[in-house]
Amino acid sequence: MVKRWIKGGLRGALRVARPLLLAGAAITVGPAHADPAQQGAIPWWQSAVVYQVYPRSFADSNGDGVGDLNGITRHLDYLKRLGVTVVWLSPHFDSPNVDNGYDIRDYRKVLAQFGTMADFDHMLAAMHARGIRLIIDLVVNHTSDQHAWFRKAVADPASPEHDYYIWRPAKPDGTPPNNAPSFFGGSAWSHAGAGNDEYLHYFARQQPDLNWDNPAVRREVYDVMRFWLDKGVSGFRMDVIPLISKDPAFPDLTAQQLADPAAAYAHGPQTHAYLGEMNREVLSHYDTMTVGEAIGIGDNEDALFTAPARHELNMIFHFDASNVDRDGWRPRAWTLPELKARYDHLYAALGDDGWTATFLGNHDKPRAVSHFGNDDPRWRVLSAKALATMSLLQRGTPFIFQGDELGMTNFPFNAIGQFDDISARNLWHDEVDGGHVTAAEMLAILRKTSRDNARTPMQWSADAGAGFTTGHPWLAVNPNHTAINAAVEARDPASVLNFYRRLIALRGRAPVLVRGDYHDIAPENPDVYAFTRNAGDDHALVVVNFATHPAEVALPAGIRLKNRLIDSGGGLPAPVGARTIHLQPWEASVYRF
Ligand code: GLC
């Protein structure tokens with residue numbers, strides 16, 4: 001069986017501030033709490049804390065049940081108060097929404113449901129006024145099949161646009177050009193137009209892959225990038241970027257490759273040549289932050305994308321750690337030492353100069369607290385704080401997915417009809433309708449793993465529409481919004497939200513937590529994740545108990561504990577000089593030593 005994807009299933013103005021001229025007014029964009037004296041030469045994208053907004057589900061300003069840009073603008077003071085310095089906006093472009101915006105019809109137009117270009121400009125100016133930068137999603141491995149390029153390509157095989165896509169003749173027996181599977185089920189080839197040719201689509205058949213070997217395609221992409229950078233966006237999250245280059249021979253995948261198609265697709269011959277060119281042509285002319293979604297890429301290959309001397313990207317998302325609980329689309333049991341080993345491997349590969357993005361959630365994952373923490377009401381708040389401590393204080397630029405700062409949980413799905421996501425629906429079709437898995441088993445799996453868990457509306461208040469909408473939400477609001485919401489949490493000093501605020505502020509004050517090196521001091525400890533961050537004479541120790549029982553960690557010689565900097569609520573601080581730290585269930589603390 002081919003492993004498929006429910007995402008995750010596959011496996012400068014250095015320093016702080018730079019003036020930007022927008023609409024005639026000079027403004028300063030940079031980390032709000034940055035202290036230039038302390039931060040030295042840390043690039044802004046390293047000291048940044050990024051917040052991912054999934055616009056469809058963030059805030060609906062006009063009551064149509066779909067989030068929009070004006071909704072985001074209304075909540076910028078919330079983000080400012082949280083302390084984040086960069087927003088990553090998932091696709092906001094015109095799209096038929098087969099894959100919720102990751103199928104773009106027009107790269108220079110705002111999706112009508114989300115608003116207008118004027119709304120975008122207003123949102124961006126309002127972000128800059130608060131010292132928040134914006135990065136947007138660059139989805140250029142593929143377009144929508146509704147994009148004007150693809151329509152022309154299909155209508156006229158002699159048009160220049162035909163060569164914007166990848167066409168190969170079907171085999172004489174009518175089967176596809178090769179055995180490549182789509183991540184969303186079935187073959188990666190479909191037929192369109194007259195003649196025998198099929199086009200490549202690694203995702204849905206409505207997402208045809210662009211032909212990056214055509215220099216005209218690359219020029220178009222660079223123009224799109226300049227268009228948004230000239231508006232004042234500060235960079236890009238690059239969707240499935242390792243997939244852009246293909247082996248033009250399209251050999252069949254081997255049995256081994258079929259077990260992990262992402263790894264097979266992610267190693268095209270020209271990827272780095274194209275990223276280098278993109279950097280030369282576009283990125284090097286602006287002060288940007290770039291983060292690649294590195295599906296199919298092993299830790300050891302990180303430097304190929306991110307080593308500063310190579311001039312490609314600033315950082316990439318690695319999925320090895322966050323996929324520890326998954327085997328393709330099936331959940332798998334995991335242990336804490338295993339998770340730690342995956343991080344250790346990544347940091348060892350990165351070395352002291354390497355940089356990465358740290359994250360536990362995004363729009364392609366279930367809710368972090370429901371898969372790495374414990375969303376039982378007894379443990380939800382504590383485990384959400386523990387995960388935040390681990391993820392925000394690791395070495396890298398932390399990314400927070402909307403709602404994780406509230407400890408939002410998975411949704412209690414109980415029927416396939418409740419799912420919107422194309423990958424869940426296609427998987428059901430192939431596996432349940434195909435008679436391989438029972439409906440009950442698949443429902444249990446999707447309840448744990450589905451991307452829709454992360455896509456339910458943001459929980460702003462206990463109101464009927466969770467303060468997300470006054471209308472009928474496009475995806476059901478989690479019934480637990482009456483208890484878990486921003487309004488309640490803002491008032492509660494012990495809430496997940498207020499802990500995130502304190503943690504982000506702590507990271508902003510302590511350069512060691514940004515640039516310090518990373519060292520796991522207890523890799524075999526089954527309950528406690530304990531790592532140090534060290535920069536010169538500055539040392540911090542992060543300890544997180546992943547168990548629902550008290551646990552302890554012995555400190556190696558050389559660590560002489562000083563004061564506790566933050567604690568998720570629970571135990572007394574370990575005394576100065578203690579040799580062992582005792583932690584309450586799911587307690588997380590940070591010490592200086
Ligand atoms: C990316 C996106 C995901 C999308 C896919 C195809 O991984 O994060 O949501 O389905 O690419 O664009």
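Since the structure is predicted, the reported quantities are computational estimates derived from the model, not experimental observations. For this chain, numbers begin at 1 and follow the sequence in order. In listed order, ligands and their atoms are each counted from 1.
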Ring centres under 6.0 angstrom apart ([X], [Y]):
X: F120; Y: W228; result: yes
X: F413; Y: W428; result: no
X: F150; Y: Y199; result: yes

For [X], counting its heavy atoms only, list the atoms of ligand 1 lying under 4.0 Å from any of them.
X: R451; answer: 3 (C), 4 (C), 9 (O), 10 (O)
X: H142; answer: 6 (C), 12 (O)
X: D364; answer: 2 (C), 3 (C), 7 (O), 8 (O), 9 (O)
X: V240; answer: 1 (C), 7 (O), 11 (O)
X: D99; answer: 4 (C), 5 (C), 6 (C), 10 (O), 12 (O)

Heavy-atom contacts under 4.0 Å between F203 and ligand 1: side chain, backbone, both, or neither?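 Looking at F203 and ligand 1, just side chain atoms fall under 4.0 Å.
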Sorted by first residue and then second, give each ring pair (Phe, Tyr, Trp, His ring centres under 6.0 Å) pair with at least one member in residues 233-263; sequence neighbours left out.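 For residues 233-263, and leaving out neighbouring residues, the ring pair (Phe, Tyr, Trp, His ring centres under 6.0 Å) pairs sorted by first residue read W189-F250.
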Here's a test for you: under side-chain contact (heavy atoms from CB on, under 4.5 Å), which of V224, D223, L229 qualifies with R226?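 Only one option passes, and that is D223.
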Heavy-atom nearest neighbour of atom 1 (C) of ligand 1 within options V98, D239, N362, V140: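 The option holding the nearest heavy atom is D239.
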Judged on heavy-atom distance to atom 7 (O) of ligand 1, which of E293, Q207, R237 sits nearest?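 Among E293, Q207, R237, the closest heavy atom to atom 7 (O) of ligand 1 belongs to E293.
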Is a salt bridge present between R330 and E431, judged by a nitrogen-to-oxygen distance below 4.0 Å?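 Salt bridge flag = no for E431 with R330.
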Does D430 come within less than 4.0 Å of R425, counting only side-chain N to carboxylate O?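 R425 and D430: not salt-bridged.
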If you measure from each heavy atom of [X] to ligand 1, is any distance below 4.0 Å?
X: M238; result: no
X: F184; result: yes
X: R455; result: yes

Given side-chain hydrogen bond (donor to acceptor under 3.5 Å, both in side chains), test Y347 with D299 step by step and report yes or no. CA-CA 8 Å; Y347 287 116; D299 295 339; over 6 Å; no
